[in-house]
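One is the number of the first residue; the rest follow in order along the sequence.
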Amino acid sequence: MKMSILKTGNFNTNCYIIMTEQKNMVLIDPGDEGEKIKEIIEKTGGKLSAILLTHAHHDHTGAVKFLKELYPDATVYMGKDDEDMISNVYRNYACVRGKAMEIFKDLKADVLIDDGEIIKIDELEFKAVATPGHTKGGMTYICEDNMFTGDTLFYESIGRSDLYGGNSEIICQSVTKLMMLDGDYKVYPGHGPSTTLEYERHNNKYVRI
């Protein structure tokens with residue numbers, strides 16, 4: 001799996017750009033700066049096939065509309081329980097963007113997914129693991145030995161739970177759910193540096209195992 005990371009927007013959201021052997025591209029959380037993402041796609045000669053959203057907050061979805069207009073065949077996937085947030089600028093907090101919040105009008109996912117579903121793009125399989133608590137529909141995506149945790153699990157920390165749909169007890173349960181998985185994974189969060197699951201098992205104060 002070939003992957004690059006682009007930090008986007010004022011919140012430095014990690015956008016993960018993954019290319020298959022057939023040069024189909026998968027984006028995880030294109031939060032902003034659609035033009036930069038477009039340049040990367042064009043430079044690599046890839047075709048955007050899928051956009052995977054870990055949750056519906058504006059800083060993870062801000063470039064979706066721009067990219068869908070350019071690449072209408074790309075499929076947008078998101079956890080079903082965040083459907084009520086993605087176009088609601090008060091629930092997804094896009095209201096902080098001022099006039100720019102217009103880009104969220106009528107925004108939606110093409111496919112709403114549930115826990116355990118598999119998204120297959122060429123040779124790659126992304127398993128959706130429901131990890132609510134930061135939002136109701138938060139998803140972690142696992143592909144090979146890589147784990148994309150959005151704003152659920154960070155390096156030595158976890159996501160906030162005081163926004164719409166958040167719950168402090170549930171997010172701790174979600175983090176524990178990830179920690180109980182067998183083996184080790186490279187952890188790629190929505191913000192900040194990458195880490196590993198084994199490191200977090202021993203160093204994350206929010207882990208309850």
Side-chain angles (χ1 to χ4, degrees), residues 5 8-9 11-16 18 26-32 50-64 75-94 96 104 107-119 125-143 146-181 185-195 197 200 204 206-209:
I5 306 171
T8 67
F11 292 84
N12 285 321
T13 303
N14 291 326
C15 173
Y16 298 98
I18 300 163
V26 179
L27 298 180
I28 299 179
D29 289 350
D32 207 341
I51 297 173
L52 278 53
L53 302 177
T54 61
H55 63 290
H57 281 152
H58 74 98
D59 56 320
H60 291 252
T61 64
V64 171
T75 304
V76 180
Y77 298 86
M78 184 184 71
K80 63 182 179 63
D81 290 333
D82 272 2
E83 185 178 17
D84 67 338
M85 288 178 59
I86 191 167
S87 64
N88 187 312
V89 297
Y90 299 101
R91 292 178 178 177
N92 67 25
Y93 300 95
V96 303
F104 296 91
L107 186 62
K108 63 180 181 179
D110 298 308
V111 180
L112 297 172
I113 55 176
D114 210 339
D115 186 39
E117 292 193 36
I118 302 293
I119 301 165
E125 291 187 352
F126 295 84
K127 181 178 181 179
V129 180
T131 47
H134 180 63
T135 66
K136 292 182 293 183
M139 284 288 174
T140 289
Y141 298 101
I142 296 177
C143 182
N146 306 291
M147 178 181 289
F148 302 91
T149 57
D151 288 1
T152 297
L153 176 63
F154 297 124
Y155 171 76
E156 294 188 356
S157 188
I158 62 174
R160 61 189 297 180
S161 56
D162 59 334
L163 302 176
Y164 175 81
N167 184 296
S168 59
E169 182 175 350
I170 290 175
I171 196 171
C172 286
Q173 291 172 359
S174 291
V175 169
T176 300
K177 178 181 179 179
L178 295 177
M179 298 297 165
M180 295 297 289
L181 295 174
Y185 291 87
K186 299 171 186 176
V187 176
Y188 294 101
H191 306 269
S194 60
T195 181
L197 201 60
E200 298 306 317
N204 195 312
Y206 298 96
V207 171
R208 298 178 180 179
I209 58 173

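T131 and T140 are linked by a side-chain donor-acceptor pair at a separation below 3.5 angstrom, with hydrogens and angles left out of the test.
Under a 3.5 Å cut-off, the side chain of D110 and the backbone N or O of V76 do form a donor-acceptor pair. Counting only distance, with no hydrogens or angles, the side chain of D82 and the backbone of G79 share no donor-acceptor pair below 3.5 Å.
Between H55 and H60, the ring planes lie tilted relative to each other; the angle falls in the 30° to 60° range. Aromatic ring orientation, H57 versus Y93: perpendicular (interplanar angle above 60°, classes split at 30° and 60°).
With values rounded to the nearest 0.5 angstrom, D151 atom CG is found 11.5 Å from I158 atom CD1. Put simply, OG on S157 and CD on E200 are 9.0 Å apart, with the number rounded to the nearest 0.5 Å. Distance NE2/H58 to OG/S87: 14.5 Å, rounded to 0.5 Å. Within the model, atoms CD1 of I142 and CG of L178 stand 6.5 Å from one another, a figure rounded to the nearest 0.5 Å. A distance of 3.5 Å separates OG1 of T54 from CG of D29, quoted to the nearest 0.5 Å. Atom OG1 of residue T135 and atom CG of residue D84 lie 9.5 Å apart, to the nearest 0.5 angstrom.
Of all the heavy atoms in A128 and M139, the pair that sits closest is CB-SD, 3.9 Å. Among all heavy-atom pairs drawn from K177 and V129, the shortest one is CE-CG1, 3.7 Å. When all heavy atoms are compared, the tightest approach of N204 to F154 is ND2-O, 3.7 Å. The nearest pair of heavy atoms linking A50 to Y77 is CB-CE1, 4.0 Å. Shown here for A56 and M85, the closest heavy-atom pair between the two residues is CB-CB, 3.8 Å. For the pair S194 and Y155, the tightest heavy-atom approach, listed with the atom from each and the gap, is O-CD1, 4.5 Å.
L112 has its side chain within reach of M78: a pair of non-hydrogen atoms, C-beta onward, lies under 4.5 Å apart. Side chains of F104 and T61 form a contact here, defined as non-hydrogen atoms less than 4.5 Å apart. Annotation: side chain of S161 is not in contact with side chain of N167 (no heavy-atom distance under 4.5 Å). The side-chain heavy atoms of I51 and P30, taken from C-beta on, include a pair separated by under 4.5 Å.
Partner of L107 under the side chain to side chain contact (heavy atoms under 4.5 Å, CB included) criterion, chosen from I86, N92, N88, V89: I86.
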* To do: Under the side chain to side chain contact (heavy atoms under 4.5 Å, CB included) rule, what do T13 and D32 come out as? Steps first, then yes or no, please.
  => CA-CA 8 Å; T13 303; D32 207 341; over 6 Å; no
* Would I113 and Y141 count as a side chain to side chain contact (heavy atoms under 4.5 Å, CB included) if you check the C-alpha gap in whole Å, the side-chain angles of each, and the deciding distance to 0.1 Å? -> CA-CA 11 Å; I113 55 176; Y141 298 101; 3.5 Å; yes
* Check the pair I18 / F148 against side chain to side chain contact (heavy atoms under 4.5 Å, CB included), numbers first and verdict last. => CA-CA 12 Å; I18 300 163; F148 302 91; 3.8 Å; yes
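Annotation for E83: atom CD does not count as buried by contact number, only 12 or fewer foreign heavy atoms lying within 6.0 Å.
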